[in-house]
Amino acid sequence: MQAISTPPPHLSPVLADWYRSGARDLPWRRPEFHVQFGAWGTLVSEFMLQQTPVNRVIPHLEAWLGRWPTPTAMSTATPAEVVMQWANLGYPRRALWLHRAAIEISERHGGDVPRDVDALLALSGIGDYTARAVAAFAFGDRHPVVDTNTRRVIARAVDGRSQPGPAARRDLVAMDALLPHADDESAVFNAAMMELGATVCTSRAPKCDACPLATQCVWLSSGRPDTGDGRRRQARYEGSDRQARGAVLKALRHSDAGEIPLDEVIHDWRDGAQRDRAIDSLIADGLAEASEQSLRLPH
DNA sequence: TAGACGTGGAT
DNA sequence: TATCCAAGTCT
C-alpha cells in the first residue's frame, strides 16, 4: 500500500541553522522594533515590501513609523498626507490602502492590529501573503507565509523546476506541508525560506555553492535544467499609462501648494490623450482630486 | 485568471 | 539601451 502523499523533505533544521547564523540584520527583525511598534510595525513593513526591494523600504519605514507610530495616529491623517509621505516608493495605492487599513483597525479592532488571519484578510490592501506574514512574524503563530522567494525555493528544492509557476492557492498547501509543527520553529522556517530566496536562491544567477539546501535540492541534483516555466513578461513601462500616472503624481507631490492648474499638469507630455487618461484614472483611484480648475492630492 | 499597477537598481 | 526583477493585491 502506497502512502497517499510522499513525506515532505525535512528542510527545517538545516535552514534554521543557516538563518540564525547569517541572516541579514533588518529593522523588522530586531526585538526593539517589536517592542516599540508591535504588530503595527510589522504590518507597515509588509505593506512597503510588497513588490519593493528591502533597501528602498528601510528609510521610508523609519520615517513612516516615526510620524505615525500607531494605527490610530495614522487614521487621523489625510489621504494627501499619506500619499506625500509615501513619496517615490511606488504603487501609491498601497499608501491609500494602508491608510484605510489603519482606519479599519481603529474602528473594528480598537486600534490593535488583529491576530486572526481572517480578520487581517478583511483589511484593505492585505492579501494572502501580508495577512500570514503579520500573523507569523508579529504574533508568532503557525501559518504558511508564501511570497515569490518561498515559491522559488520550493519550485527548485522540492519540485526540481527552474522557476515557480504562477502564484496559486496550492502554494499555501505546499508550504504548509513543509512547515514545522511548533509555532516558533515555523516562524523561523518562514523567514528562512524567504531569506534564502532573497539572498541565495535568487531568480537569476542563484548561488548554489553557498546554499544550505544544496545536498537536498532536486533542481541542483538534476543539473539545474531550464524547465521553461517562464514568468509572464512585465508590460513595457516606457511610454505606458503607468508612466504617465507616475509623472502626474510626482508633479503633485513636488508642487508647492499641493495643487496644479489642470492645464499645467505634465503639459509637455507627448500624448495628450494619455495624460488625460492618467489624470482621470488617478481621480478614480482616489489618488488625486479635481477642485476648480486645478488638480491636487486627495483631501 | 490575466492584466493593471511605480520606481529604480542590476545585468 | 533593453529587459529583468523586487516580502503582492485588486478587479
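Letters A, B, ... mirror the listed sequences (proteins, then strands); counts begin at 1. Computed from a predicted structure; not experimentally measured.
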Peer 1: Please state how far atom CD in A:Gln243 lies from atom P in C:dT3, giving the value in whole angstrom units.
Peer 2: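 Rounded to the whole Å, the gap is 14 Å.
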
Peer 1: Please check the phosphate of B:dT7 (OP1 and OP2 only) for any side-chain N or O of A:Tyr237 closer than 4.0 Å.
Peer 2: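 Yes, because at least one side-chain N or O of A:Tyr237 sits under 4.0 Å from OP1 or OP2 of B:dT7.
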
Peer 1: Quick one: A:Glu238 CD to C:dA2 C1', roughly how many Å, whole number?
Peer 2: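 My rounded result for the distance is 10 Å.
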
Peer 1: Starting at NZ of A:Lys207 and ending at C1' of B:dT11, how long is that distance when rounded to a whole Å?
Peer 2: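 Checked: the NZ to C1' distance equals 13 Å.
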
Peer 1: Taking atom CZ of A:Arg270 as the centre, report whether more than 12 heavy atoms of other residues, nucleotides or ligands fall under 6.0 Å from it.
Peer 2: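 No, not enclosed.
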
Peer 1: Please report the distance separating the C1' of C:dG8 from the corresponding atom of B:dT1, rounded so that it comes out in whole Å.
Peer 2: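 My reading of the C1' atoms in C:dG8 and B:dT1 gives 15 Å.
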
Peer 1: What distance, rounded to whole Å, do you find between the two P atoms, one in C:dT9 and one in B:dG8?
Peer 2: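 C:dT9 and B:dG8 have their P atoms separated by 23 Å.
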
Peer 1: Does the protein touch nucleotides 4-11 of chain C at the base, only the backbone, or not at all? Give it as B, S and - per nucleotide, heavy atoms under 4.0 Å.
Peer 2: BBBBBSS-

Peer 1: For A:Met193 and A:Leu15, run side chain to side chain contact (heavy atoms under 4.5 Å, CB included): C-alpha distance rounded to whole Å, both residues' side-chain angles, the deciding distance at 0.1 Å, then the answer.
Peer 2: CA-CA 8 Å; A:Met193 289 284 276; A:Leu15 214 45; 3.4 Å; yes

Peer 1: Taking the six-membered ring for Trp, is the centroid-to-centroid distance between A:Trp86 and A:Trp64 below 6.0 Å?
Peer 2: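 Distance test on ring centres: under 6.0 Å, yes.
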
Peer 1: Please report the distance, rounded to the nearest Å, between CG in A:Leu89 and C1' in B:dC5.
Peer 2: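 Taking CG of A:Leu89 and C1' of B:dC5, I get 15 Å after rounding.
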
Peer 1: Who passes side chain to side chain contact (heavy atoms under 4.5 Å, CB included) against A:Pro79, sequence neighbours left out?
Peer 2: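 If we apply the side chain to side chain contact (heavy atoms under 4.5 Å, CB included) test to A:Pro79, skipping adjacent residues, the hits are A:Leu96, A:His99, A:Pro298.
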
Peer 1: Expressed in angstrom and rounded to an integer, what is the separation of A:Arg94 atom CZ from B:dA4 atom P?
Peer 2: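 Distance check: A:Arg94 CZ to B:dA4 P gives 19 Å.
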
Peer 1: Could you walk me through whether A:Asn88 and A:Arg253 pass the side chain to side chain contact (heavy atoms under 4.5 Å, CB included) test, one step at a time?
Peer 2: CA-CA 9 Å; A:Asn88 63 341; A:Arg253 286 198 309 264; 4.1 Å; yes

Peer 1: Pick the C1' atom in B:dC5 and in C:dC5, then give their distance to the nearest Å.
Peer 2: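 That atom pair is separated by 15 Å.
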
Peer 1: Nearest heavy atom decides the nucleotide; on that basis, is A:Pro92 or A:Pro166 closer to the 5' end of DNA chain B?
Peer 2: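 So the residue in question is A:Pro166.
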
Peer 1: For atom P, what is the distance between B:dG6 and C:dT1, given to the nearest Å?
Peer 2: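 Pairwise P distance, B:dG6 against C:dT1, rounds to 25 Å.
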
Peer 1: Over how many whole Å does the gap from A:Arg236 atom CZ to C:dT1 atom P extend?
Peer 2: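 A:Arg236 atom CZ is separated from C:dT1 atom P by 12 Å.
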
Peer 1: Indicate whether OP1 or OP2 belonging to B:dG8 is found under 4.0 Å from a side-chain N or O atom of A:Asn88.
Peer 2: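 For B:dG8, OP1 or OP2 has a side-chain N or O of A:Asn88 closer than 4.0 Å.
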
Peer 1: With a 4.5 Å limit on heavy-atom distance, are the side chains of A:Pro261 and A:Gln293 in contact?
Peer 2: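 Side chain of A:Pro261 against side chain of A:Gln293, heavy atoms only: no contact under 4.5 Å found.
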
Peer 1: With a 6.0 Å cut-off (strictly less than), is the heavy-atom count around CD of A:Glu32, excluding the residue itself, greater than 12?
Peer 2: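 Yes, CD of A:Glu32 has more than 12 neighbouring heavy atoms, counting only those of other groups under 6.0 Å.
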
